[in-house]
Trainee: 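Could you have a look at this structure, given as structure tokens, before my questions?
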Number of protein chains: 2
Amino acid sequence: MSPLLASPRQRAATRRSASPRTAGYSVDVVLLTVLDGQLAAALVRAEGRPGERLRERWTLPWEPGAADEALADAAERVSRDVMGVGPHYLEQVGAFGDGKRHPGTAPLSVAFVALVPAGAVMPADTGGDFFPVNDLPALAPRQRAMIDAAVAHVQQRVGHAPVAFRLLPTTFTLSELQELYELLLDRRLHKASFRRSLQAARIVEPTDEWRSEGRGRPAQLFRYAPRRRRSAPRGIRFE
Amino acid sequence: MSPLLASPRQRAATRRSASPRTAGYSVDVVLLTVLDGQLAAALVRAEGRPGERLRERWTLPWEPGAADEALADAAERVSRDVMGVGPHYLEQVGAFGDGKRHPGTAPLSVAFVALVPAGAVMPADTGGDFFPVNDLPALAPRQRAMIDAAVAHVQQRVGHAPVAFRLLPTTFTLSELQELYELLLDRRLHKASFRRSLQAARIVEPTDEWRSEGRGRPAQLFRYAPRRRRSAPRGIRFE
DNA sequence: GCAATTATTCGCCCGATGATACCAAAGTCA
DNA sequence: TGACTTTGGTATCATCGGGCGAATAATTGC
């Protein structure tokens, strides 16, 4: 079988079956995007051994861990298998293994979170789909925990990493950006303060284009273009 | 051999040798304390197989991963084997496995960070010692990476978790607390501002005791006693 | 007592944040 | 055409928190 002709689904299945003896851990990816104004995670069909009865129909995309490979490389490959292209953001969330089941036999799973811009489409042959994180189908407890941790991880990183910009197209309106921040942080933000802070941080620049959304004044489009080095943190937080 | 008579070192050695076939991953603990005004990590003597030549003499305390156990339980046991008592703080840092060596044969290590109050002593039979994180002996690259990540993790958590208070005795002066924050954050803090924020957060309370350090006015002793629920975060950070 | 040292607090200033209101540019509808 | 609505973008003001220097307090050593 030529690798050039193999579909992502076939590649993934081949790699999985090539390791009948589990390496001791799996690499699982929580692939997040924005769908219909909600955070959504990619799930694929659970593939059990012939004759095995699965209690769950869906699972996070994953791969058995390889001894001689960097974890991030495996996670990137898993993401590529699902979406056809590499993720715009990839970060490790942590290791999960507290006695809960996994679709594979791995006692330990290393979770990654990957971000895909809103509007990206999953190739049909992937056999997967996006589900809102607030309305997930039945999942193994460990996988549910990994999704929850991935969302919490993104929420904590949103102020220190360009998380939001990886979930948006290359150009966007400031209202879209603010709505995304409100979605991620789960709280309302003040419009004037949001734009003031954004301007002070100098991480977006305006383009020459405007977008008219039907009613109301057209909005100027911006792009992510950080021009400022990180300012030293000020003050102390006790929480 | 009765478990009641076994020293921590013997218990750890027994457990390690009980898994000749590696479980696929290890649980490593970065045990931090404050020693001579510096952050210090606990290291133990590296134990190789007979005849095997070790390039490093020291290693992080660790254990092979067990399939049927929670990761945090293993990390707590490792900490207890080193210090004799459980840690005052324990949190997972992440999984490390990017092709670097480990004293065991595990291709993957799950790192935890544990905090021990300044002044705590390591039992003599542990065979370990504390080393300043800025002046570590030769270590395997993966272990060095885990220590660096653990320190960075603590620095990021210091404003959101009672990290500093787990590195201090139960009572302390405000100057000691500020010096610890300056050590952790690696920057100077203004005394009046520090105390003002501390009072606003309502996480310490004064005791009836004062401590005289020789010269100068005696300092009042405080204890950690959070009385305030977390205030909702304000504003936006773009960094 | 007086200087030195350390602890604790006060007052001033500035920047960030939030509330409210205002202006601008488009569509809708009579 | 002209009011009204809708959405984008800005201005003004009050408030709050934090940075800064200085004043005050309590002890040791001379």
Trainee: Among residues two or more places apart or on two chains, list those pairs meeting ring pair (Phe, Tyr, Trp, His ring centres under 6.0 Å) that have a residue in residues 109-135 of chain B.
Mentor: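 Qualifying pairs, neighbours excluded: B:Trp58-B:Phe131.
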Trainee: Any side-chain to backbone donor/acceptor pair from A:Thr173 onto A:Gln220? Under 3.5 Å, distance only.
Mentor: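 Between the backbone of A:Gln220 and the side chain of A:Thr173 there is no qualifying donor-acceptor contact (under 3.5 Å).
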Trainee: B:Arg223: what forms a salt bridge (charged side-chain N to carboxylate O under 4.0 Å, His left out) with it, not counting sequence neighbours?
Mentor: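 Partners of B:Arg223 by the salt bridge (charged side-chain N to carboxylate O under 4.0 Å, His left out) criterion, ordered by chain and then number, come out as B:Glu205.
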Trainee: What's the CG-P distance between A:Leu198 and D:dT10, to the nearest Å?
Mentor: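 These atoms are roughly 11 Å apart.
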Trainee: For DNA chain D, find the residues of residues 207-216 of chain A with a heavy-atom distance under 4.0 Å and give them by number; none if there aren't any.
Mentor: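 Listed by number, they are A:Arg215, A:Gly216.
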Trainee: I'd like to check the salt bridge (charged side-chain N to carboxylate O under 4.0 Å, His left out) partners of A:Arg196; sequence neighbours left out, ordered by chain and number.
Mentor: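 Here no residue qualifies.
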Trainee: Can you sort out the partners of B:Pro169 under side chain to side chain contact (heavy atoms under 4.5 Å, CB included), two or more places apart, ordered by chain and number?
Mentor: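 Scan of B:Pro169 (side chain to side chain contact (heavy atoms under 4.5 Å, CB included), adjacent residues dropped) gives none.
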Trainee: Anything under 4.0 Å to a heavy atom of chain A counts; send over the first and last such nucleotide of DNA chain C, read 5' to 3'.
Mentor: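 Range of nucleotides within reach of chain A: C:dT17 to C:dG27.
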Trainee: Can you run down the ring pair (Phe, Tyr, Trp, His ring centres under 6.0 Å) pairs that involve residues 220-239 of chain B, sequence neighbours left out, and say none if there aren't any?
Mentor: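 Of all non-adjacent pairs touching residues 220-239 of chain B, those that pass ring pair (Phe, Tyr, Trp, His ring centres under 6.0 Å) are A:Tyr181-B:Phe238, A:Phe194-B:Phe238, B:Phe165-B:Tyr224.
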Trainee: Looking at DNA chain D, which of residues 169-177 of chain B put a heavy atom within less than 4.0 Å of it?
Mentor: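 Output list: empty, so none.
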Trainee: Should we say atom CD of B:Glu213 is surrounded by more than 12 heavy atoms from elsewhere, each under 6.0 Å from it?
Mentor: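 It does not: B:Glu213 CD has 12 such atoms or fewer within range.
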Trainee: With sequence neighbours left out, write down each residue that passes salt bridge (charged side-chain N to carboxylate O under 4.0 Å, His left out) with B:Arg144, or none if nothing qualifies.
Mentor: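 With neighbours one apart ignored, the set is empty.
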Trainee: Would you please name every residue forming a side chain to side chain donor-acceptor pair (under 3.5 Å) with A:Arg211, sequence neighbours left out?
Mentor: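 Testing A:Arg211 for side chain to side chain donor-acceptor pair (under 3.5 Å), a comparison that skips the adjacent residues, returns A:Glu176.
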Trainee: Produce a footprint string for nucleotides 12-25 of chain D: one letter per nucleotide, 5' end first; B if the base is under 4.0 Å from any protein heavy atom, S if only the sugar-phosphate is, - if neither.
Mentor: ------BBBB---B
Trainee: Can you list the residues that meet the side chain to side chain donor-acceptor pair (under 3.5 Å) rule with A:Glu91, with sequence neighbours excluded?
Mentor: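 A:Glu91 satisfies side chain to side chain donor-acceptor pair (under 3.5 Å) with A:Tyr89, A:His153, A:Arg157 only.
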